[in-house]
Structures are given as C-alpha cells and as structure tokens.
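FYI, the numbering just counts along the sequence from 1. Everything quoted here is computed from the prediction, not taken from an experiment.
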Amino acid sequence: MAHILENQLFAAAQVIEQQLDQEFDRLDNLDTDDLKALREKRIQEMKKLNNKKQEWLRNGHGTYSELADEKEFFEVSKKSPNIVCHFYRDSTERCRIVDMHLKQLAAKHIEAKFCKVNAEKSPFLTQRLRIKVIPTIALVKDSKTKDFIVGFTDLGNCDDFSTEMLEWRIAHSGAIEYKGDLLQPPDVKRKPFINRPQKTIRGGYDSDDSDIDLDD
C-alpha cells in the first residue's frame, strides 16, 4: 500500500514538474522589457503554486484515503483547509459507488483532501456534523463546513451518475477548483431510477431510497 502511494505521489510530482518546464520554456522566448517583467512575475507565481502543490502532496492530497478515527479527521483539518469527506458504512452498496468516483477526483483535484470516515466508528464526529443519511459527503472550504451531499438526490437520484456530475456538485461548495459552468450540470445519460427500500441503521425499511438513515 505504501509503495502504491509513493508511486502515485511521484507520478503527480512529475506531472507538475513537466508543466512547470513547459511554462518556463514558453516564457523564455519573451524578449521585450515589459514581457520580461511579465515573465518574472509569472515565474514567481508558478513557483509559489508549485510550492503549494508540493505541500498538498505532503499532506496526503492526490489520493483518496480512509481516516482511522475522529482524532485523525481533526488533525487533517488543521493541515488541509479544503476537505471532501465521505461518511460511509461497510454494508452500504452506494458507499462503494462514492468511493469509485472520489478516488478519481482525488487524483484530479489535489487542491483538496479527499477522505472517508466510517460513520459507525466515529459517532461524535457524525453527530457533531449532524450526519443522518449514509452516504453523506461533507464539504469543507477554508476550514469551514460549507455543504453536504446527502445520498444521491443531488446527483440525479440514480446509481450510475458520472464522475463529472459529482465533481460539478462538489464544486458548488468551493472546496475544489472548477473550470466548468456551475449553472449547468454535465450532460449525463442515466438509467431510470428504480425505487428501492431505505435501510435504517437498525435494519428496518421506511423510505423509497437506498441511502441508510442513521436514525430509527
């Protein structure tokens, strides 16, 4: 596991270095005084951004990881002002769908920390954030909880939503940088939603969705 993480971080660092080299080569071709000043300013901005990206990677950004407990969540929040945190339960099928998408987005958006927390093993944090339904994604921007994605309602109320759809929804919180149109959700082809009973934490059924309600 550690070897895989090391390879992922190395690959991400190589991409950043390649982008910097390309930008420096382009800027090296500028020759007028005004353009030279612009070049120097741009180089400083790129160096600053590169330093920030390296710090993100050292703090575990770029990968989707599980936090052991509430203590680790608070430690992560001290280092990473922007967090996308999935509250899950092992027996919930939809949580595995969320895992699949967040793993992809974590590699794309290193400006945020993507992680998951077992809601049953972190009751204090779950109650503090008023998590009632599993899966729920908590979105933290500038160290403040800005938004929650509760179940799949905001994602078309279906299981086959696209990664782009989840990315668009997360972007509304400001937790990640987004270049698309926030007013227009991505066009996705979805299978018709089939009503299924909702399973509560005690195993009962009292709704027409498959998200798990933590309350009876």
Side-chain angles (χ1 to χ4, degrees), residues 8 12 15-16 19-20 22-23 42 45-46 48-57 59-65 67 73 76-88 92 94-117 119 125-126 128-193 209-211:
Q8 290 176 327
V15 171
I16 294 172
Q19 291 174 341
L20 279 172
Q22 292 174 349
E23 182 68 8
R42 180 58 176 158
E45 291 175 349
M46 291 291 291
K48 184 177 180 180
L49 178 60
N50 182 55
N51 290 336
K52 185 178 291 185
K53 288 182 177 180
Q54 293 298 331
E55 181 181 358
W56 288 335
L57 293 175
N59 289 335
H61 293 214
T63 60
Y64 178 53
S65 59
L67 306 184
F73 176 86
V76 165
S77 64
K78 292 177 182 178
K79 298 178 181 179
S80 303
N82 299 335
I83 301 174
V84 177
C85 186
H86 170 209
F87 285 80
Y88 80 99
T92 306
R94 281 189 159 183
C95 289
R96 288 186 282 275
I97 297 175
V98 173
D99 286 340
M100 175 186 68
H101 293 296
L102 291 186
K103 184 178 180 180
Q104 296 180 48
L105 292 176
K108 180 178 180 180
H109 292 281
I110 66 171
E111 68 274 12
K113 171 63 179 175
F114 284 74
C115 54
K116 60 190 292 188
V117 170
L125 181 60
T126 300
R128 178 172 177 176
L129 294 179
R130 299 180 181 177
I131 305 295
K132 300 292 185 181
V133 172
I134 297 297
T136 286
I137 302 174
L139 304 173
V140 180
K141 167 67 174 174
D142 295 332
S143 301
K144 296 181 180 180
T145 306
K146 292 291 186 178
D147 198 2
F148 295 92
I149 302 176
V150 181
F152 288 178
T153 303
D154 293 347
L155 304 170
N157 216 13
C158 61
D159 288 0
D160 64 337
F161 60 87
S162 68
T163 301
E164 291 74 21
M165 186 66 176
L166 179 56
E167 178 185 32
W168 173 82
R169 177 62 184 83
I170 292 173
H172 279 78
S173 67
I176 61 174
E177 298 175 1
Y178 188 69
K179 297 180 180 179
D181 185 0
L182 288 175
L183 297 178
Q184 180 64 44
D187 292 330
V188 291
K189 294 181 179 180
R190 301 191 300 267
K191 298 176 183 178
F193 176 70
D209 196 354
S210 65
D211 305 317

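- Distance CG/Asn59 to NZ/Lys78: 13.5 Å, rounded to 0.5 Å.
- Between the CG atom of Asp160 and the CG atom of Leu155 there is a distance of 11.0 Å, given to the nearest 0.5 Å.
- Checking Glu177, His61, Glu167 one by one against His109, the side chain to side chain donor-acceptor pair (under 3.5 Å) holds for a single residue, Glu167.
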message: Quick one, Asp147 with Lys141, criterion salt bridge (charged side-chain N to carboxylate O under 4.0 Å, His left out). Give me CA distance, side-chain angles, the key distance, then yes/no.
response: CA-CA 9 Å; Asp147 198 2; Lys141 167 67 174 174; over 6 Å; no

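- Residues Phe87 and Leu125 form a side-chain contact, since some pair of their non-hydrogen atoms from C-beta on lies under 4.5 Å apart.
- When all heavy atoms of Ile83 and Ser77 are compared, the pair lying nearest together is CD1-CA, 3.6 Å.
- Of all non-hydrogen atoms in Ala119 and Thr126, the two that sit nearest each other are O-OG1, 3.2 Å.
- Contact between Ala138 and Leu129 at its shortest, heavy atoms only, is CB-CD1, 4.5 Å.
- Side-chain contact between Lys103 and Asp99: absent, with no pair of heavy atoms (C-beta onward) separated by less than 4.5 Å.
- Residues Ile97 and Leu166 fail the side-chain proximity criterion, which asks for heavy atoms closer than 4.5 Å.
- Side-chain atoms of Thr63 come within 3.5 Å of backbone atoms of Gly60 as a donor-acceptor pair (strictly under, hydrogens ignored).
- Contact of the Ile176 side chain with the Leu105 side chain is not registered, since no non-hydrogen atoms from C-beta on lie closer than 4.5 Å.
- One distance of note links CZ of Phe148 with OG1 of Thr136; it measures 8.0 Å at 0.5 Å rounding.
- Nearest approach of Cys85 to Phe73, heavy atoms of both residues: SG-CE1, 3.9 Å.
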task: Go through the steps to decide whether Lys113 and Ser65 satisfy the test side-chain hydrogen bond (donor to acceptor under 3.5 Å, both in side chains), and finish with yes or no.
output: CA-CA 9 Å; Lys113 171 63 179 175; Ser65 59; 2.9 Å; yes

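- Side-chain atoms of Val84 and Leu139, non-hydrogen and from C-beta on, do get closer than 4.5 Å to each other.
- To the nearest 0.5 Å, atoms CD (Glu55) and CD1 (Ile110) are separated by 11.5 Å.
- Put simply, CH2 on Trp168 and CG on Leu183 are 8.5 Å apart, with the number rounded to the nearest 0.5 Å.
- Atom CD1 of Ile134 and atom OG1 of Thr92 lie 6.5 Å apart (nearest 0.5 Å).
- Heavy-atom contacts from other residues, nucleotides or ligands closer than 6.0 Å to CZ of Arg128 number 12 or fewer.
- With contacts defined as side-chain heavy-atom distances shorter than 4.5 Å, the pair Arg169/Phe161 does not qualify.
- Contact of the Asn82 side chain with the Asp142 side chain is registered, since non-hydrogen atoms from C-beta on lie closer than 4.5 Å.
- Minimum heavy-atom separation, His86 to Cys95: CE1-O, 3.3 Å.
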